Amino acid sequence: MKNPCDFILYKIPNIYLLELKSHKGKSIPFGAIQHYQIELLHRYNQMDGVVAGFVFNFRDVNETYFVDAVTAYQFYHVGERKSFSLEWTRGNGILIPQKLKRTRYQYDLCNLLNY
């Protein structure tokens with residue numbers, strides 16, 4: 001059995017299925033994400049009470065964004081690029097505020113939970 005995501009979060013009335021990706025540079029290549037993850041998260045996102053998507057952390061600029069599975073799916077299948085660029089993610093994602101605590105981040109999920 002293949003896991004569709006790394007992290008499951010529940011806040012009434014939704015369950016959040018999140019695939020977490022952290023990458024150096026200003027883009028996250030499609031090769032960093034398994035094809036089945038894009039397909040499954042897109043399918044789950046269509047169910048009532050389920051919010052599925054990707055959390056992209058761009059380590060070089062210390063920015064993290066949530067992109068819902070439908071938007072990522074459409075870009076993956078129709079987009080002319082082979083990666084999720086930082087600029088595209090800024091325009092299509094939700095910024096997740098973060099604080100770097102030595103070597104790990106602490107995230108404020110309020111923006112995501114109000115999605």
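A quick note: this is a predicted structure, and the numbers were derived from the prediction, not measured.
Minimum heavy-atom separation, Ala52 to Asn45: N-OD1, 2.7 Å. Across Val70 and Gln46, no two heavy atoms sit closer than the pair CG2-NE2, 4.1 Å. For Val67 against Gly93, the heavy-atom pair with the smallest separation is CG2-CA, 4.0 Å. A pairwise comparison of heavy atoms in Tyr36 and Asn3 identifies CE1-O, 3.3 Å as the closest pair. The minimum heavy-atom distance linking Leu109 with Ile96 is given by the pair CD2-CG2, 4.1 Å.
Listed by chain and number, the residues in a side-chain hydrogen bond (donor to acceptor under 3.5 Å, both in side chains) with Tyr105 are Asn62 (sequence neighbours excluded). Every residue meeting the side-chain hydrogen bond (donor to acceptor under 3.5 Å, both in side chains) condition with Tyr76, not counting sequence neighbours, appears here in chain and number order: His35. Under the side-chain hydrogen bond (donor to acceptor under 3.5 Å, both in side chains) criterion, Thr64 pairs with Asn57, Gln98, not counting sequence neighbours. Take Ile94 and apply the side-chain contact (heavy atoms from CB on, under 4.5 Å) test, not counting sequence neighbours, and it matches Phe66, Asn111, Tyr115.
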Please test Leu86 against Val61 for side chain to side chain contact (heavy atoms under 4.5 Å, CB included), starting from the C-alpha separation and ending with a verdict. CA-CA 9 Å; Leu86 175 60; Val61 293; 3.7 Å; yes

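The aromatic rings of Phe56 and Phe54 sit parallel, their planes meeting at an angle under 30°, below the 60° perpendicular limit.
Residues Cys5 and Leu18 are not in side-chain contact: their nearest non-hydrogen atoms beyond the backbone lie 4.5 Å or more apart. Side-chain contact check for Leu113 versus Leu9: some heavy-atom pair is nearer than 4.5 Å. Contact of the Tyr10 side chain with the Tyr16 side chain is not registered, since no non-hydrogen atoms from C-beta on lie closer than 4.5 Å.
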Could you list the donor-acceptor pairs under 3.5 angstrom formed between side-chain atoms of residues 23-30 and any protein atom two or more places apart in sequence or on another chain?
{"from": "His23", "atom 1": "ND1", "to": "Ser27", "atom 2": "O", "distance (Å)": "3.3"}

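Sorted by first then second residue, the salt bridge (Lys or Arg N to Asp or Glu O under 4.0 Å) pairs that include residues 43-71, not counting sequence neighbours, are Glu63-Arg90.
Counting only N and O atoms by type, the side chains of His42 and Gln37 include no donor and acceptor under 3.5 Å apart.
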